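Take a look at the structure set out below.
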Amino acid sequence: MTTPLLTAEGLNLHFGAIAALRDVAIDITAGEVVAIVGESGSGKTTLLRVLSGLMAPDSGTVRWLGQDVHAMGEAARRRLMRTDWGFVHQNPRDGLRLAVSAGGNVGERLMAVGARHYGNIRGEALSWLAKVEIDATRIDDLPRTFSGGMQQRLQIARTLVTRPKLVFMDEPTGGLDVSVQARLLDLIRSLSRELGLAVLIVTHDIAAARLLADRILVMRRGEVVEQGLTDRVLDDPQHPYTQLLVSSVLAA
Amino acid sequence: MTPAIRTEGLSKAFTLHLQGGTRIPVLGGVDLAVHPGECVALWGPSGAGKSTLMRCLYGNYGAGAGRIMLRHGAGEIDLVSADPRDVIAARRETLGYVSQFLRVIPRVATRDIVAEPMIARGVPREEALARGTALLHRLNLPERLHGLPPATFSGGEQQRVNLARGFAPGYPVLLLDEPTASLDAANRAVVMALINEAKAAGTAIIGIFHDAEVREAVADRLFEVLPHQDAA
Amino acid sequence: MNTSEAPSASGATTLEGYNFAYLDEATKRMIRRALLKAVAIPGHQIPFGGREMPLPYGWGTGGIQVTASILGPDDTLKVIDQGSDDTTNAISIRRFFTRVAGVATTEHTAEASVIQTRHRIPERLLREDQIMVYQVPQPEPLFKLEPRRVETKRLHALADYGLMHVRLYEDIARLGQIATAYDYPVMVNGRYLMSPSPIPAFDNPKMDRMPALQLFGAGREKRIYAIPPYTDVRSLDFEDHPFRPIRAPQACALCGSRDTYLDEVITDDRGGRLFVCSDTDFCAERQADAAKEAAE
């Protein structure tokens with residue numbers, strides 16, 4: 001088995017009396033897709049924020065390629081977030097510059113790491129828009145003229161343009177229509193395979209987790225109650241809560 | 001010769017926490033060994049645990065006790081205790097599974113669904129598509145369906161997509177759960193031919209064959225799975 | 001307030017009851033410390049404790065405070081506004097320093113030791129023994145793109161300037177070229193992104209490796225920054241859309257210059273217009289030289 005890219009152990013976090021994370025451990029290797037599922041209040045989003053350095057835990061460590069993420073300093077973390085990491089927010093507005101054109105949004109990360117040829121930057125932007133199925137004619141349009149699904153796809157293009165090794169996704173399909181969700185999930189699935197991305201996706205949608213993830217962690221009240229191979233956990237759930245979760249999913 | 005896949009004392013029980021913790025034992029101490037080029041048919045009454053055994057072999061179900069030793073790469077791995085990532089690697093390279101029902105992924109074309117496992121193993125896309133398409137033709141799936149997602153296909157059509165996907169990569173070990181269930185005679189014959197060709201190529205096959213004709217044509221021996229006698 | 005006047009070192013009469021150059025010595029010391037820091041970190045904005053000045057924000061209080069802090073009795077001061085010595089603001093500020101510092105003043109760039117400017121750099125090449133003081137309205141080059149101060153501080157600290165390039169990219173995408181005509185962002189010493197103040201983009205190349213010390217004061221925002229002599233100053237651009245200084249293609253109607261920055265003057269209400277050098281001193285010099293040559 002290859003060395004994990006990101007490892008975390010003993011993560012604890014309390015918000016006052018509420019235990020948001022209780023002794024949580026997780027790791028992720030190159031190219032694998034890991035889903036963290038749970039209901040509201042399970043701690044899954046908190047876990048994502050702690051893993052991506054946005055929030056510090058009370059105790060425990062998170063390591064990226066062996067380096068302590070929370071000890072490395074804001075500058076290093078920001079650099080990571082611009083290069084090796086990506087973050088897809090639930091609301092695309094949080095991950096896009098709404099007053100900047102689609103092409104500018106996609107090109108920004110390239111420019112932030114030193115790209116200085118307008119033609120090349122625009123070319124990259126066009127190819128990424130094509131990858132996320134946004135029509136090339138929209139390259140100069142502002143994201144506020146896009147539909148929710150399009151904005152989300154734009155956010156994904158913007159995140160992937162510097163070919164990060166690890167992408168954090170926070171409920172990327174939340175709030176989208178079902179048909180739009182399907183398209184987005186398909187996109188995430190094919191891009192992650194094509195680019196060999198490691199993806200850590202937080203979702204309450206079990207079906208999406210089954211579709212995308214190699215491994216799944218089930219969280220409840222800050223604890224990981226069960227984890228393992230996605231199809232094993234969903235088809236042969238062991239923990240009572242997992243069984244409840246799986247049985248509650250409506251089939252179309 | 002070492003078996004391609006073997007179990008030692010494999011046991012499996014389900015605990016239904018939502019039904020007050022009812023425990024349903026299904027498999028108890030199963031010892032099964034299948035060699036390369038051999039086809040073993042799981043045989044027994046309905047509900048006895050044939051599918052459960054097959055799913056355990058694939059790692060889809062966990063095991064309560066015992067080992068499942070799979071010859072993988074240079075050595076053997078125990079699928080029961082292996083790290084999930086190793087199970088994924090084993091499934092990619094060594095262990096194929098044709099389930100009874102195709103799990104449908106929206107928006108992906110049939111030919112891409114079939115090509116996917118090969119591409120995951122590093123086969124170039126063009127070759128993967130060619131091999132997949134050849135099998136789809138052999139299974140008499142019309143060309144016009146190859147570009148469509150299988151969501152709207154009939155049961156028999158979906159089953160054929162599943163079969164093409166399972167047979168195309170050439171796994172050393174292949175698990176087949178009711179591979180001919182929704183097929184007509186002509187396609188049953190194709191499946192039988194595919195199984196025999198795979199055997200000749202050294203594949204170890206474990207199958208559940210409801211159809212006696214198919215079972216007799218491909219199985220080298222039967223492995224009986226009886227309803228588990230609950231010791232308690 | 002006692003406003004009787006007294007003779008000063010240069011012979012000009014100054015107001016009594018004011019310290020030399022209006023600011024008290026402690027304030028000047030504080031501003032000089034800020035200037036030293038600014039010179040040590042070219043292009044980086046240094047906060048300073050701006051004082052109440054006898055004119056409102058937006059009229060050059062920052063530039064005046066910098067000039068007041070560095071002025072000595074033997075200095076010769078030139079003040080220009082949009083390149084010209086004879087506009088209202090230039091005259092006011094020059095008179096202010098005459099009254100509170102008694103320093104000699106001049107309209108000739110070559111004779112000045114300190115030049116305070118709004119919106120232009122003189123056409124004449126400056127020397128090592130001269131100091132330029134720029135009046136700055138908004139010291140933060142990223143302000144329009146990122147209004148949060150906390151965030152821009154971080155961006156400068158991390159040299160994270162992708163945002164500014166995005167802005168230039170947007171210009172090219174929308175207009176086919178970079179449309180910024182003034183206050184064109186520059187990289188100083190390869191490290192800090194800086195606003196050169198609202199000078200025309202045409203003037204930016206003059207800042208590069210200028211022999212004179214360049215000081216910038218923003219009074220309302222209370223920031224000082226500096227470019228030491230002979231420092232690298234590069235205007236941002238793209239490899240395939242390089243920076244070009246833009247000027248009106250005409251020649252000056254008074255001196256005939258084809259390479260100075262021109263003002264457009266409307267002469268009548270029928271569309272008549274003239275183009276003249278914005279730098280009045282330089283234009284006058286050229287005219288004088290031309291007259292001399294004609295006489296020979």
Side-chain angles (χ1 to χ4, degrees), chain A residues 1-5 27-35 133 173 178-190 192-194 196 198 207-208 210-217 225-248 251-252, chain B residues 12-24 26-27 51-52 54-64 68 73 77 79-92 95 97 99 101 103-109 112-113 115-122 125 128 149 151:
Chain A
M1 193 178 61
T2 49
T3 350
L5 297 174
D27 61 57
I28 183 164
T29 53
E32 75 167 334
V33 180
V34 177
E133 297 175 21
T173 57
V178 176
S179 62
V180 176
Q181 277 187 39
R183 188 179 189 187
L184 195 69
L185 290 173
D186 177 46
L187 191 68
I188 295 172
R189 188 173 169 272
S190 55
S192 67
R193 276 157 204 251
E194 186 190 319
R210 188 191 276 278
L211 179 65
L212 298 174
D214 301 311
R215 284 191 301 128
I216 189 172
L217 278 81
V225 297
E226 190 164 357
Q227 62 176 296
L229 217 51
T230 306
D231 64 288
R232 210 276 306 151
V233 171
L234 296 179
D235 287 341
D236 186 23
Q238 298 299 299
H239 193 274
Y241 178 68
T242 319
Q243 290 188 359
L244 174 62
L245 207 60
V246 169
S247 65
S248 312
Chain B
K12 173 69 185 161
F14 293 98
T15 305
L16 307 179
H17 295 283
L18 302 180
Q19 267 91 56
T22 316
R23 190 170 175 275
I24 303 176
V26 179
L27 301 173
S51 264
T52 302
M54 186 149 285
R55 284 175 181 250
C56 282
L57 291 173
Y58 194 57
N60 181 222
Y61 283 174
I68 303 172
I77 70 164
L79 291 171
V80 172
S81 59
D83 186 281
R85 283 171 278 226
D86 293 331
V87 176
I88 291 172
R91 286 175 177 180
R92 192 177 56 237
L95 186 56
Y97 176 47
S99 59
F101 306 104
R103 190 169 283 278
V104 173
I105 305 168
R107 287 176 29 112
V108 183
D112 292 313
I113 288 179
E116 215 175 272
M118 285 181 275
I119 294 173
R121 278 171 144 209
R125 196 180 146 76

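Fair warning: this is a prediction, and the values are worked out from it, not measured in the lab. Reckoned from all heavy atoms, side chains included, excluding hydrogens, waters and symmetry mates.
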How long is the straight-line distance from [atom2] of [Y] back to [atom1] of [X], given to the nearest 0.5 Å?
X      : Y      : atom1 : atom2 : value
B:L16  : A:S247 : CG    : OG    : 10.5 Å
B:I88  : A:T230 : CD1   : OG1   : 7.0 Å
B:R107 : A:L184 : CZ    : CG    : 9.5 Å

Look at B:R85 together with A:D27 and state whether they make a salt bridge at an N to O cut-off of under 4.0 Å.
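Looking at B:R85 and A:D27, the cut-off is met.
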For [X] versus [Y], what's the shortest heavy-atom pair and its separation?
X      : Y      : answer
B:H17  : A:Q238 : NE2-O, 3.1 Å
B:G59  : A:D231 : O-OD2, 4.5 Å
B:T15  : A:Q243 : O-NE2, 2.7 Å
A:G228 : B:P84  : CA-CG, 4.1 Å

Residue part contacting chain B, namely of [X], when any heavy atom lies under 4.5 Å:
X      : value
A:E32  : side chain
A:I28  : backbone
A:R183 : both
A:L244 : both
A:Q227 : neither
A:D186 : side chain

Answer with side chain, backbone, both or neither: which region of B:R125 has an atom nearer than 4.5 Å to a non-hydrogen atom of chain A?
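B:R125 has no heavy atom closer than 4.5 Å to chain A.
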With chain B, which of A:R215, A:R232, A:R193 has the greatest number of heavy-atom pairs at distances under 4.5 Å?
A:R232
Between A:D236 and B:R55, is the salt bridge (charged side-chain N to carboxylate O under 4.0 Å, His left out) condition met? List the steps.
CA-CA 10 Å; A:D236 186 23; B:R55 284 175 181 250; over 6 Å; no
